[in-house]
Structure formats: structure tokens, C-alpha cells
Amino acid sequence: MQKVTIIGHGPAGLTAAIYTARAGLDPLVLSSSSELGQLDQTTDVENFPGFPDGIMGPEIIVNMHKQAEKFGAKFKISHVLEISGNGPYTLKTDSGEIQSQTIIIATGAKPKKLGLKSEEKYWGQGVTACAVCDGFFYKGLDIVVIGGGDSACEEAIYLTKFASKVTLIHRRDKLRASKVMADKVKAHPKVDILWNKTVKEVLGNENDGVTGALLTDTVTSKESQISFSGFFLSIGHIPNTGFLGNFVNKDEEGYVIVESGTTKTSKEGIFSAGDLSDKVYRQAITAAGQGCMSALDSERYIAEKS
Ligand code: NAP
């Protein structure tokens with residue numbers, strides 16, 4: 001019987017592992033071999049405190065893993081298929097069953113993508129889904145933001161701090177964003193909006209990375225080309241919570257609902273930390289903070305039950 005099982009190998013799961021290992025709870029961290037986390041797919045990270053010269057995303061993960069291992073956390077590549085029980089819980093995985101008194105779910109979220117080969121090819125070389133992480137690299141350059149929701153508008157405005165020009169590309173002639181956000185973006189002198197356009201291909205080359213995109217007009221089917229250096233996708237996120245079914249309460253978009261100010265889910269002894277419960281901040285440092293909270297919540301729960 002495990003005291004704590006952590007699902008997820010990102011900043012939330014690994015911070016939870018460091019804290020629960022130091023508390024003597026012998027955590028087991030499960031991660032899926034097939035899915036890389038968001039930090040594992042990132043290059044330079046300049047906003048994680050403590051690294052004044054920046055650090056590569058995968059290096060943060062390796063360092064956090066080593067730190068948790070040093071305090072006794074165990075790791076297993078294992079894909080969780082289902083959780084059942086009433087506490088203790090059973091985790092059904094692709095390599096057998098695990099019984100655990102508490103579970104910290106830290107499986108994260110993934111940005112929605114357009115599904116283009118060229119988008120994958122230039123991922124991290126001009127194509128990104130995080131304005132806060134990568135905007136700084138586009139000082140004085142032209143960029144585009146894809147999407148028409150609140151995130152796309154917010155990110156377009158945020159990116160004007162760095163870019164010389166931001167073009168918002170939306171597939172319809174009306175923004176999905178709230179009126180306040182839509183009005184702000186429409187009025188912004190550094191933001192242009194291209195209506196009724198979808199991206200057919202991201203254009204680029206090995207030396208320069210992204211250089212532009214080929215667009216299709218959704219009304220006339222006419223193709224056009226636009227030049228820029230940064231391609232910011234902002235068409236929503238998908239929390240990695242499908243395997244939970246209805247076992248814990250989720251909102252209509254699949255995000256795990258936690259009790260305000262805690263990481264407690266609707267099931268006693270099951271905690272949720274990181275982007276699978278957070279559609280607002282979505283940062284490595286906030287995920288790590290929630291990982292710490294989930295470890296303390298779990299530690300308290302175990303102490304109360306013993
Ligand atoms: P969202 O509201 O779902 O908007 C996604 C946008 O991407 C939509 O405009 C959608 O177009 C477009 N899109 C989706 N798939 C696409 C595709 N394959 N190709 C081209 N465009 C595509 O997502 P979000 O903006 O990330 O917001 C998520 C939630 O967080 C929302 O409830 C939002 O209000 C909230 N939020 C709030 C704030 C705030 O209040 N400050 C900030 C950020 C987010 P269509 O419009 O044509 O469907």
C-alpha cells in the first residue's frame with residue numbers, strides 16, 4: 001500500500017514528490033512513456049525564479065526528478081487507465097494495479113494544435129503556445145496570434161509589449177472573446193485582425209525558423225501569404241483528465257474542480273495540482289506551487305487518518 005501516489009512528471013508532480021519524499025511518505029511517481037509534458041517540449045525558460053541566465057525546460061524537469069529521487073521518491077513508467085475505490089484507492093495501470101491511501105493528480109494540460117505537419121516541424125522554433133513564456137524572444141519582430149477567444153485577445157495585447165506588430169488571425173468574422181476584450185484588441189494601435197482566415201501551412205526554413213504562413217480565406221477560398229517571425233497558437237487547451245472519467249468532479253471543459261484555496265478534489269484523499277485544474281495562470285512556477293500545496297494537503301490528510 002502506497003501512502004502517496006503521484007500521477008505526472010511535470011513541475012506540479014515533481015514538486016509534490018520532493019515535498020512528500022522529504023516528509024517521509026515514500027511517494028511513487030507514475031508517468032506515461034508516450035507523452036512529454038509542456039516543459040519537456042520547451043527550450044529556453046527565462047521566467048523560472050532562481051535561474052538568472054535562463055534554463056532549458058527539459059533541464060528543469062531532470063533537476064526536479066533528481067532532487068525528488070535524492071529524498072527517496074520512486075519513479076515508474078506506467079500509464080494510469082482508471083482510479084476506483086473509496087479510499088484507499090486502486091489505480092489500474094498498463095502494468096498492474098497499485099493501492100494508495102492518497103493520490104496527487106498532476107497530469108497537466110496540452111495546448112490545442114491545428115494539426116499541421118509544419119506546425120510540428122517549427123514547434124519551439126517560432127511556433128509556440130505560450131505568450132508569457134516566449135513573447136520576450138520576439139522584441140521588435142512581427143508576430144501572429146491564432147484564435148478569437150479571450151486568451152487570444154489577451155495574448156495579442158500582452159505581446160504588443162515586445163512585438164513591432166501583432167496580427168490576430170481568426171477563422172470567423174466575429175470574436176468569441178468577451179466584449180471588453182474584443183473591444184480592447186480591436187482598438188489597439190499595434191494589433192491588426194485578419195478575419196475569416198485559416199492557416200494552411202506555417203512557412204519557414206532551417207536557418208531562420210518560422211518566416212510566415214500560407215492562409216486560406218474561409219469565405220472566398222482564396223490563398224494568401226503573410227510574413228512574420230513568431231506564430232502564437234491560442235485556440236484553447238485540453239486538460240489531460242480523460243482517464244478520470246467522472247471519478248472526481250470536473251467542469252464542462254474537463255478541468256478537475258478543486259476546493260478554493262486548496263488542492264482537494266471531490267474525493268477525500270485525492271488532490272489535483274497544476275494545469276489540469278488551472279485555466280488561468282498555466283505557468284511552470286504556479287504548477288510547482290500547487291504541487292507543494294497538494295503535498296501538504298496530502299500529508300495533513302494522512303496525519304488526520306492515522
Ligand atoms: P476558447 O474560448 O475556447 O477560444 C478558442 C478560440 O480558438 C476560438 O475563437 C475558436 O474559434 C478558435 N479555434 C479553436 N479551434 C481552432 C482551429 N482548429 N483553428 C482556428 N481557430 C480555432 O479558448 P480560450 O480563449 O483559451 O479561453 C478558454 C476559457 O478561459 C474561456 O472560457 C475564456 O473566457 C476563459 N479566459 C478568460 C480570460 C479572462 O477573463 N481574462 C482570459 C483567458 C481565458 P471559434 O470562435 O470560431 O470557435
Side-chain angles (χ1 to χ4, degrees), residues 38 41 108-123 126-135 143-161 166-188 191-203 210 212-226 228 230-242 249-258 260 272 274-287 290:
Q38 293 184 79
Q41 298 177 63
K110 47 177 166 280
K112 282 190 198 160
K113 295 182 179 177
L114 297 171
L116 303 171
K117 274 197 186 138
S118 49
E119 168 191 51
E120 289 301 332
K121 182 173 172 188
Y122 294 111
W123 194 267
V127 177
T128 169
C130 183
V132 175
C133 319
D134 296 333
I143 61 177
V144 297
V145 175
I146 314 299
D150 279 319
S151 297
C153 292
E154 200 169 77
E155 294 190 353
I157 292 168
Y158 172 79
L159 289 165
T160 58
K161 286 194 216 175
V166 177
T167 304
L168 188 72
I169 299 179
H170 184 38
R171 64 182 175 184
R172 293 189 291 136
D173 61 359
K174 190 172 186 308
L175 295 172
R176 176 177 297 278
S178 56
K179 187 174 179 315
V180 179
M181 287 300 294
D183 287 349
K184 263 192 199 167
V185 89
K186 284 179 193 166
H188 201 290
V191 181
D192 279 348
I193 306 181
L194 279 183
W195 302 102
N196 299 319
K197 299 278 186 292
T198 54
V199 178
K200 189 169 181 200
E201 281 311 336
V202 180
L203 305 173
V210 166
L214 191 59
L215 307 178
T216 307
D217 190 294
T218 54
V219 179
T220 63
S221 302
K222 256 178 123 177
E223 287 187 358
S224 58
Q225 210 165 305
I226 173 172
F228 53 83
F231 183 92
F232 285 75
L233 265 181
S234 191
I235 60 172
H237 281 73
I238 308 170
N240 299 321
T241 57
N249 288 348
K250 300 192 275 188
D251 71 11
E252 66 287 350
E253 292 168 78
Y255 287 86
V256 172
I257 297 169
V258 291
S260 177
S272 172
D275 288 10
L276 76 161
S277 293
D278 172 17
K279 56 177 113 169
V280 179
Y281 301 104
R282 294 192 185 115
Q283 299 299 300
I285 190 66
T286 52
Q290 290 161 26

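Just so you know, these numbers come straight off a predicted model, no measurement behind them. Only this structure's heavy atoms are used, side chains among them; waters, hydrogens and symmetry mates stay out. Both ligands and their constituent atoms are indexed starting at 1 by order of listing.
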Considering only the protein, which heavy-atom contact is closest to atom 7 (O) of ligand 1, and what is its distance? I235 CA, 3.3 Å

Minimal heavy-atom distance between A152 and S234, with the atoms involved, is N-OG, 3.2 Å

Atom 44 (C) of ligand 1 [closest protein heavy-atom partner, distance rounded to 0.1 Å]: S151 OG, 3.3 Å

Atom 3 (O) of ligand 1: which protein heavy atom is closest, and how many Å away? R176 CD, 4.3 Å

Considering non-hydrogen atoms only, spot the tightest contact between C130 and Q283 and give its length. SG-NE2, 4.3 Å

So which protein heavy atom does atom 23 (O) of ligand 1 come closest to, and at what separation? G236 CA, 3.9 Å

Is there a donor in the side chain of S178 and an acceptor in the side chain of D150, or the other way round, less than 3.5 Å apart? yes

How close does the nearest protein non-hydrogen atom get to atom 9 (O) of ligand 1, and which residue and atom is it? G148 N, 3.0 Å

Numbered atoms and elements of ligand 1 in range of R172, under 4.0 angstrom, heavy atoms: 45 (P), 46 (O), 47 (O)

When only distance counts, is E253 in polar contact with ligand 1, meaning an N/O pair under 3.5 Å? no

Looking only at protein heavy atoms, identify the closest one to atom 39 (C) of ligand 1 and say how far it is in Å. E154 OE2, 3.9 Å

Among all protein heavy atoms, pick out the one at the shortest distance from atom 33 (C) of ligand 1; state its residue, atom name and that distance to 0.1 Å. D150 OD2, 3.5 Å

Looking only at distances, can you tell me whether any N or O atom of I146, backbone or side chain, sits closer than 3.5 Å to an N or O atom of ligand 1? no

Contact summary for S221 and T216, nearest pair of heavy atoms: O-CG2, 4.0 Å

So does K279 have more than 12 non-hydrogen atoms from other groups sitting under 6.0 Å from NZ? yes

Non-hydrogen atoms of Q225 and L214 that approach each other most closely: OE1-CD1, 4.2 Å

Note: I235 and G147 closest approach over all heavy atoms is CG2-CA, 4.0 Å

Near L114, which atoms of ligand 1 are under 4.0 Å from a heavy atom of that residue? 17 (C), 18 (N), 19 (N)

Would H170 count as a contact of ligand 1 if the rule is a heavy atom under 4.0 Å away? yes

Taking distance alone, with N or O pairs closer than 3.5 Å, would you say R171 contacts ligand 1? yes

Given side chains that start at C-beta, do those of W195 and V219 come closer than 4.5 Å, heavy atoms only? no

If you compare all heavy atoms of L116 against all heavy atoms of V199, which two are closest, and at what distance to 0.1 Å? CD1-O, 3.7 Å

Protein contact to atom 30 (O) of ligand 1 [nearest heavy atom, distance to 0.1 Å]: K279 CD, 4.3 Å

